[in-house]
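Each chain gets a letter, A, B and so on, in the order the sequences are listed, and its residues count up from 1.
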Number of protein chains: 2
Amino acid sequence: MIPTQMLKGTLEGCILGILSQKETYGYEISSQLAAYGFGTIPEGTIYPLLLRLEKNGLVSAAYRPSELGPRRKYYSLTPAGEAELQQFMQNYAELSRAVGNLLSALKGDTDHE
Amino acid sequence: MIPTQMLKGTLEGCILGILSQKETYGYEISSQLAAYGFGTIPEGTIYPLLLRLEKNGLVSAAYRPSELGPRRKYYSLTPAGEAELQQFMQNYAELSRAVGNLLSALKGDTDHE
DNA sequence: CCTGACTATTTTGTATTGCAAAGTACCTTG
DNA sequence: CAAGGTACTTTGCAATACAAAATAGTCAGG
């Protein structure tokens, strides 16, 4: 299980990433995240996050009926959202490199082998 | 600059990692983090975090005088701290893999090439 | 018809954690 | 004695993942 604190900041970027592929809705995003290897991200996380993204203008939303259940709220990236996604990927790469540097210094000590 | 939210959870693990190499003190940890590629992590982050680690029994601490300034508080990993570090590395790998999966699906679409 | 299971969203409140800001204090150098 | 670098502490704040409960639609089985 990925600890909740470690998801902070990255989860938002990941959802932007999912939305960059195709417009979709909260319940579906939840199962996609599970498929990518994040555990089960609970509703209490997904939906407030999506509302926040909408409020900040990073996504736009529209309710549409479903054939087999209650209405769905479909989200899609705005230009601001795409820019934010780019920024996220850059920031994540930076973090990833820093942590990689540190962790590789622990086991290896030697930089070759 | 790595956004503050994205550091949550990982920073603690990284400091445990630094302490696993050798016992050291806050001010020095700060400069090591900078060297690894985290930006400048401010004092208001480092010191409270170290106090928290101590309170939780993951590190032990001892004041020792310095030849060229005020006394230093040296920290070293406890067995519980080492265990926590192992746990962190595992969790980080899990997160890293999940985000990698997701992000690689964005540009590539194809899983080979 | 009704109960349960699955789909789907919203809202309220809580805990964790990085950070800003201010203060204390030691040492060296001009 | 003032200034700057070293070194630690404390208080309070902001952001965000999550738990929990409520609402509501569809469908299958009894």
Side-chain angles (χ1 to χ4, degrees), chain A residues 1-16 23-34 38-56 58-59 61-75 84 88 91 95 98-99, chain B residues 1-16 23-34 38-56 58-59 61-75 84 88 91 95 98-99:
Chain A
M1 261 301 289
I2 301 172
T4 134
Q5 291 300 330
M6 223 145 109
L7 285 174
K8 301 215 175 186
T10 57
L11 192 57
E12 173 178 318
C14 288
I15 287 184
L16 290 176
E23 118 181 319
T24 184
Y25 55 100
Y27 200 78
E28 162 99 357
I29 289 173
S30 174
S31 58
Q32 285 201 36
L33 285 172
F38 302 82
T40 298
I41 308 296
E43 311 173 347
T45 296
I46 304 268
Y47 291 112
L49 194 158
L50 287 169
L51 291 176
R52 197 178 73 226
L53 291 177
E54 186 182 5
K55 203 182 76 177
N56 295 353
L58 302 181
V59 302
Y63 290 101
R64 279 211 284 280
S66 164
E67 306 283 325
L68 58 147
R71 65 180 185 179
R72 296 169 176 165
K73 192 171 180 182
Y74 283 86
Y75 292 92
E84 183 69 18
F88 163 72
N91 290 334
L95 174 69
V99 177
Chain B
M1 260 302 288
I2 301 173
T4 133
Q5 291 299 329
M6 221 142 117
L7 285 174
K8 302 215 172 186
T10 57
L11 192 57
E12 173 178 316
C14 288
I15 287 184
L16 290 177
E23 118 181 319
T24 182
Y25 54 99
Y27 201 78
E28 162 99 357
I29 289 173
S30 174
S31 58
Q32 284 200 36
L33 285 173
F38 302 82
T40 298
I41 308 296
E43 307 176 350
T45 296
I46 304 270
Y47 292 112
L49 193 158
L50 287 169
L51 291 176
R52 196 178 74 226
L53 291 178
E54 186 182 5
K55 202 181 77 178
N56 294 353
L58 303 181
V59 302
Y63 290 100
R64 277 213 285 279
S66 165
E67 305 284 324
L68 57 148
R71 64 180 186 180
R72 296 168 177 167
K73 193 173 181 183
Y74 283 86
Y75 291 92
E84 182 70 17
F88 163 72
N91 290 334
L95 174 70
V99 177

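When the P atom of D/dC18 is taken as reference, atom CG of A/L33 falls 10 Å away, rounded to whole Å. Taking atom CD of A/E67 as the reference point, atom P of D/dA24 lies 22 Å away to the nearest angstrom.
For B/S31, there are no side-chain contact (heavy atoms from CB on, under 4.5 Å) partners two or more places apart in sequence or in a different chain. Remark: A/Y27 engages no residue in a ring pair (Phe, Tyr, Trp, His ring centres under 6.0 Å) (not counting sequence neighbours). Partners of A/A34 under the side-chain contact (heavy atoms from CB on, under 4.5 Å) rule, at least two apart in sequence or in another chain, do not exist in this structure. Listed by chain and residue number, A/E28 satisfy the side-chain hydrogen bond (donor to acceptor under 3.5 Å, both in side chains) test with A/Q32 (two or more places apart in sequence, or in another chain). A search for ring pair (Phe, Tyr, Trp, His ring centres under 6.0 Å) contacts involving B/Y47 returns nothing, not counting sequence neighbours. For A/E54, the salt bridge (charged side-chain N to carboxylate O under 4.0 Å, His left out) criterion is met by A/K73, not counting sequence neighbours. A search for salt bridge (charged side-chain N to carboxylate O under 4.0 Å, His left out) contacts involving B/E23 returns B/R64, not counting sequence neighbours. Under the rule for a side-chain contact (heavy atoms from CB on, under 4.5 Å), B/T40 has no partner lying at least two apart in sequence or in another chain.
Reading DNA chain C from its 5' end, the first and the last nucleotide to sit under 4.0 Å from a heavy atom of chain A are C/dT7 to C/dT17.
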Margin query: Protein within reach of the bases, or only the backbone? For nucleotides 1-10 of chain D, mark each nucleotide 5' to 3' as B, S or -, using heavy atoms under 4.0 Å.
Written below: -----BSBBB
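Within 4.0 Å of A/T4, counting heavy atoms only, lie sugar-phosphate atoms of the nucleic acid but no base atom. At the heavy-atom level, A/I41 lies under 4.0 Å from the strands shown only through sugar-phosphate atoms.
Within residues 5-16 of chain A, the residues approaching DNA chain D are A/L7, A/K8, A/G9, A/L11, by heavy-atom distance under 4.0 Å.
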Taking distance alone, no hydrogens or angles, what donor-acceptor pairs closer than 3.5 Å link side-chain atoms of residues 3-14 of chain A to residues at least two apart or in another chain?
| from | atom 1 | to | atom 2 | distance (Å) |
| --- | --- | --- | --- | --- |
| A/T10 | OG1 | A/L7 | O | 2.9 |
| A/E12 | OE1 | A/R52 | NH2 | 2.5 |

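Residues A/L50 and A/V59 fail the side-chain proximity criterion, which asks for heavy atoms closer than 4.5 Å.
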